[in-house]
Amino acid sequence: MKRRVAVTGLGAVTPIGNTVEEFWKSIREGKVGIGPITKFDTSGYDVKIAAEVKGFVAKERMDFKSAKRMEPFSQYAVAAAKEAFADAGIDMEQEEPYRVGVIIGSGIGSLKMVEDSYTRIQEKGPSRVNPLMVPLMISNMAAGNVSIQLGLKGKCTNVVTACATGTNCIGDAFRAIQYDDADIMLAGGTESCICPTGVAGFTGLTALSKTEDPLRASIPFDKDRNGFVLGEGAGVVVLEELEHAKRRGAYIYAELAGYGCTGDAYHITSPAEDGEGAGMAMKLAMKEGGVSPEQIDYINAHGTSTFYNDLYETRGIKYAMGAAAYKTVVNSTKSMIGHLLGAAGGVEFVTCVKTIQEGFIHQTVGTAKAGEECDLNYAVGAPVEKEVNFCLTNSLGFGGHNATLLLKKYDSAK
């Protein structure tokens, strides 16, 4: 039998707060973390804004020597993981280290390190490249650094599925606990690629919004949506086998009850037009959790603010939910923090856990009038306060990757 999985710790570094407490306070206030790009000179770039992490000082969240040997995507992951680990109250002296693991992914790793290294080669020759270039750059180093910092010797991997990375990492960690590969897993996603190459690359795909008004740039499902806003940060959670969590007296935020994962087999950047792949991921998550569409109170949508994503995801929700789609509240956290790429699923999972805890479904900020065929309840104009017993969170990635997680309110009597 599959073992039950609890959520016992939360950690986040985001454009609207560098801890879960700061992040959630900003969510409740409807704060938008989008603004002019400060990381490089955008002269000559069509895109001028992004959702940058602000005021993050790595040496305040980890020792200085370790921080110097990490690029920001790894720093964000370590900071979020340490917060989640402390929140869960884990004492490694009481745990078997080979039963505690890490699955934290990054969609890209460090593009900035690639840029800097190429420039150095051109200007000073190949012998002058930073000898740590490779371990600073590669995406698995977020998980590796977290493992090293916290002394976790269990399964240590990273899933890379573009914008579905964080959700797939949490889903794979869920499976590791269900099938007794681990008792505790730290899981989520991290990203930091607001740099010339990142912005130019996504602009070339016509994926980014060129709007310069921060309040009208990331507007999921809106009739005027025209692209996503590049964001950065990390979301990491502690998943734990339920009985293990209960034995050590851990606080249980929620229960992770289902995971669906599919591929569109359609296009390298566009979701399938009928939304069936995303819809099937939702169906699979609900099936595993033993719940019907009518029981789903809330869906945290991928909701990127690109024309096709929002349209096709809406179709996917209708495919999965049927008539219940119109009764379910849907929102997009990206309306406040932009699109964190590989980190999006981790931060949005944290959002779902807090939503279950407080019965507060945030507004899709900035969205004013839904576009054609986008006819669901997207929490436009105001937040929704209601009890949330079951929710889904979706992530869709380039390459046709679809991932959905089902969270439910924890009932100690069951």
Side-chain angles (χ1 to χ4, degrees), residues 3 5-13 58 61-63 65-67 69-88 90-110 113 132 134-162 164-192 234-241 244-245 256 259 261 342-343 345-347 349-350 403 405:
R3 305 195 307 167
V5 179
V7 181
T8 58
L10 306 175
V13 174
R61 307 289 289 270
M62 63 205 76
D63 69 271
K65 185 177 179 180
S66 295
R69 295 187 171 217
M70 298 181 209
E71 282 290 274
F73 80 98
S74 286
Q75 293 174 348
Y76 297 160
V78 168
K82 282 189 165 186
E83 181 186 13
F85 197 75
D87 185 39
I90 298 167
D91 179 1
M92 284 304 294
E93 291 188 1
Q94 304 299 316
E95 302 295 337
E96 164 53 57
Y98 289 99
R99 300 287 297 172
V100 186
V102 185
I103 305 181
I104 297 173
S106 171
I108 296 174
S110 181
M113 176 53 63
L132 291 177
V134 172
L136 285 166
M137 173 189 72
I138 52 181
S139 65
N140 67 296
M141 281 299 167
N145 277 303
V146 168
S147 171
I148 293 165
Q149 291 283 309
L150 297 175
L152 315 182
K153 296 184 177 181
K155 175 179 283 192
C156 182
T157 65
N158 74 310
V159 178
V160 180
T161 48
T165 292
T167 298
N168 280 135
C169 286
I170 294 171
D172 279 13
F174 173 57
R175 290 280 184 260
I177 294 172
Q178 282 183 313
Y179 290 102
D180 203 20
D181 285 342
D183 294 322
I184 300 172
M185 294 293 295
L186 272 73
T190 186
E191 206 79 79
S192 180
V236 177
V237 298
V238 175
L239 303 182
E240 188 167 353
E241 192 270 324
H244 184 281
L256 180 51
Y259 173 41
C261 184
V347 174
F349 187 93
V350 171
L405 295 165

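Counting begins at 1 with the first residue of the sequence.
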Completion exercise
Tightest non-hydrogen contact, residues A58 and A67, listed as CB-CB, 3.8 Å

Exercise for the section: Verify, without hydrogens or angle tests, whether T165 (side chain) and A162 (backbone) share a donor-acceptor contact under 3.5 angstrom. Expected result: yes

Handout entry: Flag side-chain contact, heavy atom, 4.5 Å: L256 against I170
Key = yes

Practice task
Mind listing the closest non-hydrogen atom pair of E71 and L136 along with its distance?
Solution key: CG-O, 3.4 Å

Problem - Short side-chain to backbone donor-acceptor contact, D87 and E83, under 3.5 Å - result: no

Practice task
Applying ring pair (Phe, Tyr, Trp, His ring centres under 6.0 Å), name anything that partners Y76, two or more places apart in sequence or on another chain.
Solution key: F56

Completion exercise
Those residues at least two apart in sequence (or on a different chain) that pass side chain to side chain donor-acceptor pair (under 3.5 Å) with S192 are E232

Practice task
For the pair I103 and V159, evaluate side-chain contact (heavy atoms from CB on, under 4.5 Å) and give the outcome as yes or no after the intermediate values.
Solution key: CA-CA 7 Å; I103 305 181; V159 178; 4.1 Å; yes

Problem - Partner set under side chain to side chain donor-acceptor pair (under 3.5 Å) for Q178, not counting sequence neighbours - result: R175, E288

Exercise for the section: For G188 and C169, work out which heavy atoms get closest and say how close. Expected result: O-CB, 3.4 Å

Practice task
Flag the pair Y259 / D172 as yes when at least one side-chain heavy-atom distance between them is below 4.5 Å, and no otherwise.
Solution key: yes

Problem - Residues which pass side chain to side chain donor-acceptor pair (under 3.5 Å) with R3, listed by chain and number, not counting sequence neighbours - result: D180, D183

Exercise for the section: In sequence, state the C-alpha distance, the side-chain angles, and the governing distance for V102 and M185, and then conclude on side-chain contact (heavy atoms from CB on, under 4.5 Å). Expected result: CA-CA 5 Å; V102 185; M185 294 293 295; 5.6 Å; no

Handout entry: Sub-4.5 Å side-chain heavy-atom contact between C261 and N168
Key = yes

Problem - All side chain to side chain contact (heavy atoms under 4.5 Å, CB included) counterparts of A343, not counting sequence neighbours - result: E191, L340

Exercise for the section: Indicate yes or no: at least one non-hydrogen side-chain atom of S147 is less than 4.5 angstrom from one of K153. Expected result: no

Problem - N158 and S139 side chains, donor-acceptor separation under 3.5 Å - result: yes

Fill in the blank from the handout: Heavy atoms of M70 and Q75 approach each other most closely as O-NE2, 3.3 Å

Problem - Shortest non-hydrogen contact from R61 toward V13 - result: NH2-CG2, 4.3 Å

Completion exercise
Tested for side chain to side chain contact (heavy atoms under 4.5 Å, CB included) against F85, the lone hit among V146, L152, V236 is L152

Problem - L186 vs L150 side-chain heavy atoms within contact, under 4.5 Å - result: yes

Problem - Donor-acceptor pair, side chain of E95 and main chain of P97, under 3.5 angstrom - result: no

Exercise for the section: State, with a plain yes or no, whether a side-chain heavy atom of M62 is found less than 4.5 Å away from one of N145. Expected result: no

Exercise for the section: Flag the pair F349 / V7 as yes when at least one side-chain heavy-atom distance between them is below 4.5 Å, and no otherwise. Expected result: yes

Exercise for the section: Verify, without hydrogens or angle tests, whether E241 (side chain) and H244 (backbone) share a donor-acceptor contact under 3.5 angstrom. Expected result: yes

Practice task
Go through the structure and list residues passing side chain to side chain contact (heavy atoms under 4.5 Å, CB included) with A245, not counting sequence neighbours.
Solution key: T8, E240, A250, I252

Exercise for the section: Measure the spacing between CE of M141 and CG of L132 and express it to the nearest 0.5 Å. Expected result: 9.5 Å

Completion exercise
To the nearest 0.5 Å, atom CD1 of I148 lies from atom OG of S74 at 9.5 Å

Practice task
Hey, could you give me the NZ/CD1 distance between K155 and I177, rounded to the nearest 0.5 Å?
Solution key: 10.5 Å

Fill in the blank from the handout: Heavy atoms of S110 and F73 approach each other most closely as N-CE2, 3.7 Å

